[in-house]
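Just so you know, residue 1 is the first one in the sequence shown, and it goes up from there. In this text, all values refer to a predicted model and were calculated from it rather than measured experimentally.
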Amino acid sequence: MAATGSTRSGQAQFITSTGNQSFSNAPLIENEETNQIIVPDRKSWKNLFSYMGPGFLVSIAYIDPGNFETDLQSGAQYKYELLWIILVASCAALIIQSLAANLGVVTGKHLAEHCRAEYPKVPNFILWLLAEIAIVACDIPEVIGTAFALNMLFNIPVWCGVLLTGFSTLVLLALQQYGVRKLEFLIAFLVLTIAACFFAELGYAKPNSSEVIKGLFIPQLKGNGATGLAISLLGAMVMPHNLFLHSALVLSRRIPRSIHGIKEACRFYTIESAFALLVAFLINVSVISVSGSVCNSSNLSPEDQTSCNDLDLNKASFLLRNVLGSWSSKLFAIALLASGQSSTITGTYAGQYVMQGFLDLRITPWIRNFLTRCLAIVPSLTVAIIGGSAGAGKLIIIASMILSFELPFALIPLLKFTSSKTKMGSHANSTMISVITWIIGSLIMAINIYYLATGFVKLLLNSGLEVVAIVFAGLFGFSGMLVYLAGILYLVIRKNKEVTHLLPLEESVNLPRNSNCDNEILYSLPREDIVSMQLPQRRIPAGVN
């Protein structure tokens, strides 16, 4: 069966082949004149530059306002003692993000699309709903962080700043017409801006280098508070929406479908992700080091010491201004603004891919962006008006807890799909990689579940409710926890059933370099929905049988 037809109004249309060939269920494109990033079919390190980009978009999740808040508290309370947590978490994040990239490269589909193909309707709908909640929870710290930055730079009230962040949706819409490559350059620029600001902060703060190195490589946890903060640092590093985003962004490249081409793409994406996450790691280390140096300074006033005891994004600006000078405060605000806006961009596009992948739903991009932003702005605005800056800061912590709760429902499918030969063929994880990734995943999930359970117990004990009310609330809460664990167990136990039929993955079907075969066979099938950041408009042309 051949798929033929003509495009209308210059728009590249998508169809789904219904035949029994190896390309079934893969998105096809009729128009060859597409603005795609095509990787040359050659053995060269120059190909690495063709793969540069997605890692920087992914790295934003590791340096968003929520991470900054946790980093600031870590440095203020324990100086450099918890830096080793950032090192361990960054290594784990690299492994997990590499799996997400490999899934997209090998199968030609991103994580959300695999979930729709693999799970029945009800579990698939629940997974989609959880993913949407996670994206909204991720957007809340970004909205509040941007509002804090505007307050620091222009003295705009936090609640007004929350409203102003809504207009960034217009900027996102303007970006869509330029495609993913321009977006990658913009995000890379913003990441480097954040890095430059915090490296300059290091110059102001002058932390003790030997103590910083000791904190990085000598694990230590002194006191119950340190344990809780270490859990928060780990939980904030790997975010569920990032797994969906990374597996989709790698589809913006058309790679040779030879065995060498696929292996090269996986290797170069890992190198590119490692570089981007290294920059994010250095930024996190800088934030903790600056906070630790400032809050342990010998010339702190009593007011500044009080701020260090409960340091948040808003207090950090005034603290830096008092201790290091006004320029330090401005640099922090610029970094926070860049972090909030870049995180907003990547979060919005992750939501776009999640909706397309789980539901195969096509919706006008500006409506999708508007809905996502409204769901984040409403609680942020309400809390900012009622609770002020302190209430908005606490909302960031709540959002981080929600993300911890959501993580297993993205991480488990990723680990199962990348370890499955029915989906990854000969590119499935080896036994050693599978063991390592499941250990890492299990530890992260166990830490997050422990964090949620202990947090719920503390909330009940400090609620001030009557004993009867506490008992009923406890029963309700722990019943919900059992349902939550049952959902995780379902994902772990359920065997993969769907086979990925995309492209030849074995050496026996490798194509020679001088082959004149059709470009659609030599290269991966085009994903114009990823390149242009638009959702695919699928239709069956009249000429298709």
Disulfide (SG to SG under 2.5 Å) pairs, two or more places apart, involving [range]:
range            : value
residues 294-324 : Cys295-Cys308
residues 182-220 : none
residues 72-111  : none

Residues that [X] engages under side-chain contact (heavy atoms from CB on, under 4.5 Å), provided they are two or more places apart:
X      : value
Ser293 : Tyr80, Ala205, Pro207
Ser273 : Leu94, His246
Asn242 : Val58, Ala61, Tyr62, Gln97, Leu245
Glu272 : Met52, Pro54, Phe56, Tyr269

message: Looking only at the side chains, is there a donor atom on one of Ser286 and Glu201 sitting less than 3.5 Å from an acceptor on the other?
response: no
Side chains of Glu406 and His241: donor-acceptor distance under 3.5 Å anywhere?
no
Which of Asn102, Thr418, Thr437 passes side-chain hydrogen bond (donor to acceptor under 3.5 Å, both in side chains) with Asn429? It is Thr418
Residues passing the ring pair (Phe, Tyr, Trp, His ring centres under 6.0 Å) test with Phe268, sequence neighbours excluded, are Trp45, Tyr51
Value for CG (Asp71) from CD1 (Ile288), rounded to nearest 0.5 Å, stands at 4.5 Å
CG of Leu216 to CG of Leu82, rounded to nearest 0.5 Å, is 11.5 Å
Residues at least two apart in sequence or cross-chain that pass disulfide bond (SG atoms under 2.5 Å apart) with Cys115, listed by chain then number, are none
Can you check whether Ser59 reaches Val279 side chain to side chain, under 4.5 Å on heavy atoms? no
- Check: Phe68 ring centroid to Phe198 ring centroid under 6.0 Å: yes
Under the side chain to side chain donor-acceptor pair (under 3.5 Å) rule, collect the residues that match up with [X], sequence neighbours excluded.
X      : answer
Ser209 : none
Asn47  : Arg42, Glu264
Ser329 : Ser317

Run the numbers on Lys330 and Met152 for side chain to side chain contact (heavy atoms under 4.5 Å, CB included), then give the verdict.
-> CA-CA 7 Å; Lys330 296 299 182 185; Met152 298 168 195; over 6 Å; no
